[in-house]
Structure formats: structure tokens, C-alpha cells
Amino acid sequence: MSLDSQALALAEQVSAAAATNTPVAIQGSGSKAFYGRHTGDALQALDMTAYQGIVSYEPTELVVTAAAGTPLEILDASLAEGGQYLGFEPPRFGPGATVGGTVACGLAGPSRPYTGSVRDFILGVKMINGKGEILRFGGQVIKNVAGYDISRLMAGSLGTLGIILEISLRLLPRPAVHRTLVHNAAETTAIERIAQWARYPYPLSGAVCDGERLYIRLSGSASGVAAAADAIGGDTLDATEAQTFWEDLREQRLEFFAGDAPLWRLSLPPATAPLNLPGEWLLDWGGAQRWLRSTADPYTIFDAAKAAGGHASVFRGGDRSSTVFQPLDPPLLALHQRLKSGFDPAGIFNPGRFYPDW
Amino acid sequence: MALDTDHAAVADAPPGVSLTELRDALQRGLPASYILTEAEQLRPYECDGLSAYRQIPRAVVLPDSIEQIQHVLRVCHKLRVPVVARGAGTSLSGGSLPHAEGVLLSLSKFNKIIAVDPENRCARVQPGVRNLAISEAVAPYGLYYAPDPSSQIACSIGGNVAENAGGVHCLKYGLTVHNIISVDMLTMEGEQLTLGSGGLDGPGYDLLALLNGSEGMLGVIVDITVKLLPKPVVAQVVMAAFDRVDQGGQAVADIIASGIIPGGLEMMDNGIIRAAEDFVHAGYPVEAEAILLCELDGTAAEVAEQVAQVRTVLEQAGATEIRTSRDDQERALFWAGRKAAFPAVGRISPDYYCMDGTIPRRELGKVLNQIQELSRQYGLGVVNVFHAGDGNLHPLIMYDANQPGQLEQAEALGGAILELCIQVGGTITGEHGVGVEKINQMCVQFNTPELEQFHALKAAFDEYGLLNPGKAIPTLARCAEFGAMHVHGGQLPFPELERF
Ligand SMILES: Cc1cc2nc3c(=O)[nH]c(=O)nc-3n(C[C@H](O)[C@H](O)[C@H](O)COP(=O)(O)OP(=O)(O)OC[C@H]3O[C@@H](n4cnc5c(N)ncnc54)[C@H](O)[C@@H]3O)c2cc1C
Ligand SMILES: Cc1cc2nc3c(=O)[nH]c(=O)nc-3n(C[C@H](O)[C@H](O)[C@H](O)COP(=O)(O)OP(=O)(O)OC[C@H]3O[C@@H](n4cnc5c(N)ncnc54)[C@H](O)[C@@H]3O)c2cc1C
């Protein structure tokens, strides 16, 4: 079936579900089924994996348009042929990870502070809203301010606003070289050094500290990387070892991520001094994303993150039927609910997956 | 040009609130001197950068605290009076054009840089701060705020967020939306919301992304934290001249294809080259049909490497002349003409009308040729200066408002150019916003369910449609009247779906 007729079939399914108030779970490959809330309700599944394929890709435009069910692996391979890549370095968390699920979850890898987040690369979407209408917003051009930016709003909305059918993403040219430097540094020193280096235009593409070692990744032209490496110093990690390290970090395969304690993600101003919360820490994104394995009371962590100017979420484990994302203040919560009903009046898309309230 | 009022009507408007009633209510939370209601006081606010549209508001308010803005919003919400926020009033789409029944909310007193945080590379500023003032204030830390609209000495950061403004350096460093960390906004009810956080993202939906480019329709921006970047060590501009415009267009694609993202990549056609050269004497080759300005920045070694690469690409693309700036002074000179392009055209034409369509880069040559064709057809000159790397065109239509019919002709030509942009898969506005100006072309770019979705989104923020009514998103009635057929990339997708 062509993408167009599949889209129409999906739209009909949605209209029917809306007419009978039947909630649906939009499913990619299930690679990120661990993420978000689990309500325990058995929902009608809406499988997106067949809706796949690269709709258009022209390297000189630095733009790709792909159907939501396209596996990241396939997309990556095509982009590599054009000498380009997805600048937000998305984690897979499983072999079949789809581009739709990636955008819906809004997750980005180690290069995020330096290259941008998922939404930073979004140029346009084709989607189905809760009324079963097929809509397009944004487009394939780099700059576009016609109408509200609904395409970027889809990033991280966990499939609660609509079904993403197609997505247009801006691309980056693949850097010529990468180099990883290692310093012995505990958290406080690492945070200080990162803040210092970030004030120079070094081609940074990763900065992570496991409490003992600080890993710095540089990506760019040979001369730019060499000059920055001279200035920053430290031991150069063997190229293969370095690649494995950054992939294992992105895919949460490092030893730190093994274990049963709930895995928290704290999003903070990067130079925030280490927070006084019980558990094990891993600093990523130059300090702006901090992983915490902790059994502390969830609200202790939510409150601490907020007090530090950021927010927190239970990324894996813990009580997933409870609140897993930072609670919203009442006026902001009310706005979210109104917005949700503006897209999905019958409330059928992934109910409860994001927040308990909708 | 009179703004027709049917599409500017406010839902549920209560029957006539008198000016006295409105002023009295405002005065309960605002010093009398902060409320302007006399005709001669209102006159300076009657238009923004698109001066063809003029409208006197009922009142102008000049609050100096968030509490005062909250008071204004609560009063207007209760009395169902429209509110139009205004930063510096440099909008080129009539975005800050007042509403006849409404209050114009000037943010000019919110001009303070609240804090600079070099450790976290950010600055907290009030919405009325001028774009350039931020980079000036953080320069001592070796940092700057990247988005640099040509209007940067005048435009406000609040207006930049509301329009998702771009600039010469946005190809590499992103638009406003990519450079804002968090925003505090007030809803029409006067409720304060923080969007984003001190981290790189915020909880819930990405409302911060949504607010960028929302043209003052969703909330009033009262506090902004911007991202700062380290200043490049070295920057050099390569200037290349071409005998044909499409060769220049091809060179743009070739540079991008070679794996380089320049700091800026701008193009000017012969009309602009001559006008700018006459004005600033930058030493541009006035015989050239097109020149490209390609800025490369980074460390010294990187820039040297990329300059060599770009020169090779330009030679292969058929450049007739290639010059590289030797120092910052010459670099500034190369840019001077580009930055002064608008006033330069102001010297050769009594009036000009600036368009803002964006197209896929591969269509550059074709679209530029068709614009020349349209220019002949409509009998008005068009010169082109644009953000070539982004595919964002700024055709300047030259006309004389004192000649009867020329303004209407310029508008019609502008509309035709925008529809051409949509046909090749582009958009009617890359950075200047829809405002009142491009409201009809919105009917061409979006179909009925899409427009309805925009209205539903707006209603979630502003139930009664009091914020900047009549801008950005046309009503369905207006589109039916305009009678445009919605086109996507030259084809009508899903012809079986319902349309007006
Ligand atoms: C123990 C357990 C309990 C669960 N309980 C629930 C439950 O109560 N409620 C519930 O909703 N789910 C629940 N799930 C998850 C559910 O089974 C599906 O896996 C999920 O809803 C579909 O996303 P995914 O993980 O398969 O897709 P992924 O590809 O991993 O995508 C992740 C996210 O993106 C969204 N998404 C994917 N493709 C698109 C698209 N094209 N457009 C828009 N959004 C898209 C998905 O809905 C999901 O939110 C549970 C999972 C487990 C393991
Ligand atoms: C010579 C010239 C060159 C220009 N060059 C560029 C360019 O290179 N790139 C570019 O992108 N633009 C350019 N512009 C257009 C204009 O400068 C930008 O759109 C700018 O962002 C507008 O800022 P402002 O403060 O003047 O906003 P205003 O004109 O006052 O308002 C613009 C819109 O923003 C809303 N608004 C303003 N402040 C707030 C607030 N605090 N809260 C909510 N809404 C608000 C208004 O309601 C209105 O809808 C140019 C304009 C001129 C005159």
C-alpha cells in the first residue's frame, strides 16, 4: 500500500476511534515502551511500523523527509551515503527504533548541547490529529514562520497530540574527524573545566563525567580539532574505544546504567554545583543532563531539580503508574490540558502516557 | 491600505466599553502618565516597519513592571478589549499594527539586562532590550548572542522571539528559537508561566518552541533567558562575482554539498549591487549579475582550510572574480553593502516593499528568473538580496506610493511572488512573519483543517481571541472570500479530502 493510502486508512481508524471514544496506543517498534507512564489500561494498538520509507532526500538541501515508521538504522545508512547525519545523535534503545518514536520521545544523544535537540532539527511534519484529519505544518525549508510552529511542538509530546506520519529534518554534514580526550577529574572540577572550555569556540561534541574521569569529545575539521585538543590537553582515547564509549553512553549500556534503582534524568543549568541527593551520578551534556540512580522519594528529587532551575523525570524503573515527569504548576498544567483537547478533543491518543491528567 | 475589520473582530465582544471606562480601569493599576489616549500621543504608534498599514489604537499603555502588565491584561480580559504587544515596532509584516478597538501595550520600558551568567553562557533580559545591546553587554566575557537581524540596532528581543527572527549568521548558529533558553510569558488572563527551564529543555510540551514565531498571539513575553556563544577567533569573508544569477545559486548548493556550513552565505543581484555600491562604496563589482558573500569563522587553522575549499568550489562554479577579506576592517566593508541594502534601495526608489519567501535552495536560479519575469509583467522593478544559504529570499519591489495604483500593483506582484514560493515547495515567510500583510497567502499555504487546528491552538491560550486579533492566521471566512486554492509543492495532496 502506498504511503498516501496508508495515511488515509490510519486517519479513518482515528476518526472511528474518536467517534467511539476508544483510546489508542500509537506504536513504533516498542523500543521505548519503558519510557513514559504505564497506566495498565489495555489500549487498542495503532501500529506505525509499516508506514515507512524515505520520502525525499537531497544532500545539497541538508534536509530529509521520512515516514514515521522508518527505522533509524535505515535512515542513518542513507544519510551516511550523502555524508550527513542527524545532528541530535538520537539514542535507539533497541534495534527497530523508528524516526517517529524518536521524535515523539524527543530524546537526543551526547552532542545535544553543541549541535541541538530533536526539535531544533525539525522543519515540518505531516500528522493526523484527534479528529482524523491529515495536516501538514512547517515544510522542507530551513526558515519558516508561517503559522504556529506545530511541527516542533510534536517533539517530546509522546504521541499525545497526534500521529506523526512524516517528518522533515534538517541535517548536518558529517564531521571529518573526532577525537576523545580523558582527564582525571571529579564532578566539581569537571563542571568548572567544562564551563571554561565552553567559553572558547572549540568544536566540542560531548562532555561527560563519571565522577572520576572527564571525557571530552571534539568533532570537526582536522585542523580545528587538533588546535582544540592542544588547548584542552589530556589523554587521547583510542578511536575504536572512543566510539564504543560514546555509543554505550548514548544507548545506556555503560556499567552505570545497569542495576535496579530507578534511573532519573535531571535537566539543569550546566554549571550547577553537584546536588545533594542520595545515589550515583553520571554527568552528561557538559552538566546539563545528569543521570541519577536513586531510590529517594520522587518528590525530593522533583523539588531539588526545580529549586536548581531545572526539572527531573524518572527515565527508567520506579513506579511507572505514578508521576514520572516533573509535575507542572497549576496554570501550566491547565494550559497543557486545553492544548491537548485542541488537538485531540476525544482524548484518544496515548492517554496517561505523559501525565496522569490527560 | 485599510485593514478590513471583519477578520479582526473579537469573539464575544461585549457591547461598547467606553474609553472613559477603559481608562479608569487601567488607571487603577497604572500611573495616569503611563496611559496615552490623545490623538497626537497615539500617532507615533499607528504603524510599524510596514508603514503602508496604519491604525490608531484606542489607547497606548507604557507599563514598567510585570504587575502593571498583568493589570492591563486583566482589565482588557474582563472588558474584552484587544491587546497588541509592541516591542520596537520594526516588524515588516504589520505584526505590531494597533487594533482600532484595542490597547497597544508598549514594552519599551522593559529595557534592562537583568543578569549575565558566563558560567552557564546565558543572559536574562527584559523583553524590550535591543538585540544588539545583548551582544554589547556580554562582549567583555568573550560571548555574544548569535541571531543578528539586520534591524538589530533597533529591534527588541521580545519582538525577535515573537517573530522567530533570523539574521545573516542563522545558517550556522540557528534562528531565535535555537538561541532562547527560557521565557516567562503572561497569558491574556494575566497569569505568569515559565516556558523552558534553566536546563536545555523544560517539562511538558515544548511550549517554548511554540511561542517563538507566534506573533504576539499567544501571550505577552516578559522575561527572556538567551543562550550566549563564544565569539569566533577569526572570521573571513569570501566575495565572489558571477555573470549569471543561476550560477550564483548553483555555487550556494555546491558550498553546502562540500560539507561546509558557512557562518553566513548571502547573495545580492545586480540591482542591489549597484544601489549598495553607490551608497556605501564597498568596492563591489558593479558589472556582476550576482555576488555571493560567504563568511567562514572558527579557529585560525579551520578558517584558512575552509577559505581554500570555498575558493575552489567558487572557481568551479564559474565565479568571474573572487576576493577574500584581509582583515576585520575589510570584512566589515564587504558586509556594509549587504547590511545597508534596504536603505540603499530607499535611495533609488521612493518606496519599496520587502518580501520574505523561502524556497528550497535548488530552486534559487529558477525562482529568481521567474521573479524577473513577474517584474516585467507587473511593470515594477524588483531587486533581490537574500539569505542564500537558507533559501530565504528578500525581493524588494520598487514602487511610488504617490502614483495612483502603484501600491496595489506592488501588493499584487508581492502576492504572485509568494505564491511562486509555495509552488516550488517553499513558504510565504521565512522570518518576517505573517502579520496582516501575508494573511491572504496563508489561505494558499494551509487548508481548512490546518487553519482550524491553528485556531484551536490559539483558543487554548487565548479563549476570546483578544491578543493581536486579525493577525497571523486568517479566519475561514476570509479565506473563502479571498478564494485561494491551497497548494502544496505544486500539487493538491489528498484531493478527496474536504476543502472550502
Ligand atoms: C509493562 C508495560 C506497560 C505499558 N503500559 C502502557 C499503558 O498503560 N499505556 C500506554 O499508552 N502504553 C503502555 N505501554 C507502552 C505500549 O505498550 C506501547 O509500547 C507504546 O504505547 C507505543 O510506543 P512504542 O514504545 O512501541 O514506540 P516507540 O517506537 O518506542 O515510540 C515511543 C513513543 O513514541 C510514540 N510514537 C511512536 N510512533 C509515533 C508516531 N508515528 N506518531 C506519534 N507518536 C509516535 C509512541 O506512542 C511512544 O509514546 C506499556 C509498556 C510496557 C512494557
Ligand atoms: C530595516 C529592517 C531590517 C530587518 N531585518 C530583519 C532581518 O534580517 N531578519 C528578521 O528576522 N527580521 C528583520 N526585520 C524585521 C523586524 O526587525 C523583526 O521582525 C523583529 O523581530 C521585530 O522586533 P520588534 O521589537 O521591532 O517587534 P515589533 O515590531 O514591535 O513587534 C513584532 C511582533 O512581535 C510582537 N511582540 C513584540 N514584543 C512582544 C512581547 N514582548 N510579547 C509578545 N509579543 C511581542 C508584536 O505583537 C508583533 O506581532 C527587519 C526590519 C527592518 C525595519
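What you see is a predicted model, and the numbers here were worked out from it, not measured in a lab. Chain letters run A, B, ... following the sequence lines, proteins first and then strands; every chain starts at 1.
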**Region of A:L62 that comes under 4.5 Å of a non-hydrogen atom in chain B** = both
**Asked** Side chain, backbone, both or neither: which part of A:Y355 has a non-hydrogen atom closer than 4.5 Å to chain B?
**Response** side chain
**Message:** If I measure from the heavy atoms of chain A, does B:E305 come under 4.5 Å with its side chain, its backbone, both, or neither?
**Reply:** side chain
**Asked** With only heavy atoms counted, which part of B:L193 is less than 4.5 Å from chain A, the side chain, the backbone, both or neither?
**Response** side chain
**From A:L3 atom CG to A:K126 atom NZ, the distance as rounded to the nearest 0.5 Å** = 7.5 Å
**Message:** Do B:L229 and B:L143 make a side-chain contact, defined as non-hydrogen atoms from C-beta onward lying under 4.5 Å apart?
**Reply:** no
**Under 4.5 Å from any heavy atom of chain A - which part of B:Q441** = neither
**Message:** Counting only heavy atoms not in A:Y85 (residues, nucleotides, ligands), do more than 12 fall under 6.0 Å from its OH?
**Reply:** yes
**Message:** Between A:K306 and A:D329, does any NZ, NE, NH1 or NH2 come within less than 4.0 Å of an OD or OE carboxylate oxygen?
**Reply:** yes
**Asked** Regarding B:Y205 and A:T160, is there a side-chain donor-to-acceptor distance under 3.5 Å anywhere?
**Response** yes
**Request:** Counting only heavy atoms closer than 4.5 Å, note whether B:R362 contacts chain A via side chain, backbone, both or neither.
**Result:** both
**Request:** Could you check whether the rings of B:H394 and B:H432 sit parallel, tilted or perpendicular, using 30° and 60° as the cut-offs?
**Result:** parallel
**Asked** Measuring heavy-atom distances to chain B, does A:F343 have an atom under 4.5 Å in its side chain, in its backbone, in both, or in neither?
**Response** both
**Asked** With a 4.5 angstrom heavy-atom cut-off, which part of B:I359 approaches chain A: side chain, backbone, both or neither?
**Response** backbone
**Fill in**
Given B:Q306, B:E452, B:Q192, B:E302, the one with more heavy-atom pairs under 4.5 angstrom with chain A than any other is B:E302
**Asked** Just checking, is any N or O donor in the side chain of B:D356 or B:N392 under 3.5 Å from an acceptor N or O on the other one?
**Response** yes
**Message:** At a 4.5 Å cut-off on heavy atoms, which part of B:T358 comes close to chain A: side chain, backbone, both, or neither?
**Reply:** both
**Request:** Considering only heavy atoms and a distance below 4.5 Å, find which of B:G202, B:A300, B:S258 pairs most often with chain A.
**Result:** B:G202
**Item:** Min side-chain heavy-atom separation A:Q326-A:S313 under 4.5 Å
**Value:** no
**Prompt:** So which part of B:I181 gets closer than 4.5 Å to some heavy atom of chain A, the side chain, the backbone, both or neither?
**Reply:** neither
**Request:** Identify the residue among A:Q140, A:E166, A:E58 that makes a side chain to side chain donor-acceptor pair (under 3.5 Å) with A:T65.
**Result:** A:Q140
**Among A:S341, A:P270, A:A226, residue most engaged with chain B (heavy-atom pairs, under 4.5 Å)** = A:P270
**Message:** Does any backbone or side-chain atom of A:R170 lie under 4.5 Å from a heavy atom of chain B? Answer side chain, backbone, both or neither.
**Reply:** side chain
**Prompt:** Given that the side chain runs from C-beta out, which part of B:E163 has a heavy atom under 4.5 Å from chain A: side chain, backbone, both or neither?
**Reply:** backbone
**Item:** Under 4.5 Å from any heavy atom of chain B - which part of A:R199
**Value:** both
**Item:** Structural part of A:S157 lying under 4.5 Å from a heavy atom of chain B
**Value:** both
**Request:** Hey, could you give me the NZ/NE2 distance between A:K340 and A:H336, rounded to the nearest 0.5 Å?
**Result:** 12.0 Å
**Message:** Just verifying a value: how many Å separate A:R290 CZ and A:L266 CG, rounded to the nearest 0.5 Å?
**Reply:** 8.5 Å
**Asked** Is chain A contacted by the side chain of B:H455, its backbone, both, or neither, given a heavy-atom distance below 4.5 Å?
**Response** neither
**Asked** Does one side chain, of B:D297 or B:Y173, offer a donor that lies under 3.5 Å from an acceptor on the other?
**Response** yes
**Request:** Go through B:P118, B:A304, B:C122, B:S182 and name the one with the most non-hydrogen pairs under 4.5 angstrom from chain A.
**Result:** B:P118
**Prompt:** What part of B:E191 gets closer than 4.5 Å to chain A, counting heavy atoms only: side chain, backbone, both or neither?
**Reply:** side chain
**Request:** Would you mind checking which part of B:P360 comes under 4.5 Å of any heavy atom in chain A, side chain (CB onward), backbone (N, CA, C, O), both or neither?
**Result:** both
**Prompt:** Quick one: what part of B:K438 sits under 4.5 Å from any heavy atom of chain A, side chain, backbone, both or neither?
**Reply:** neither
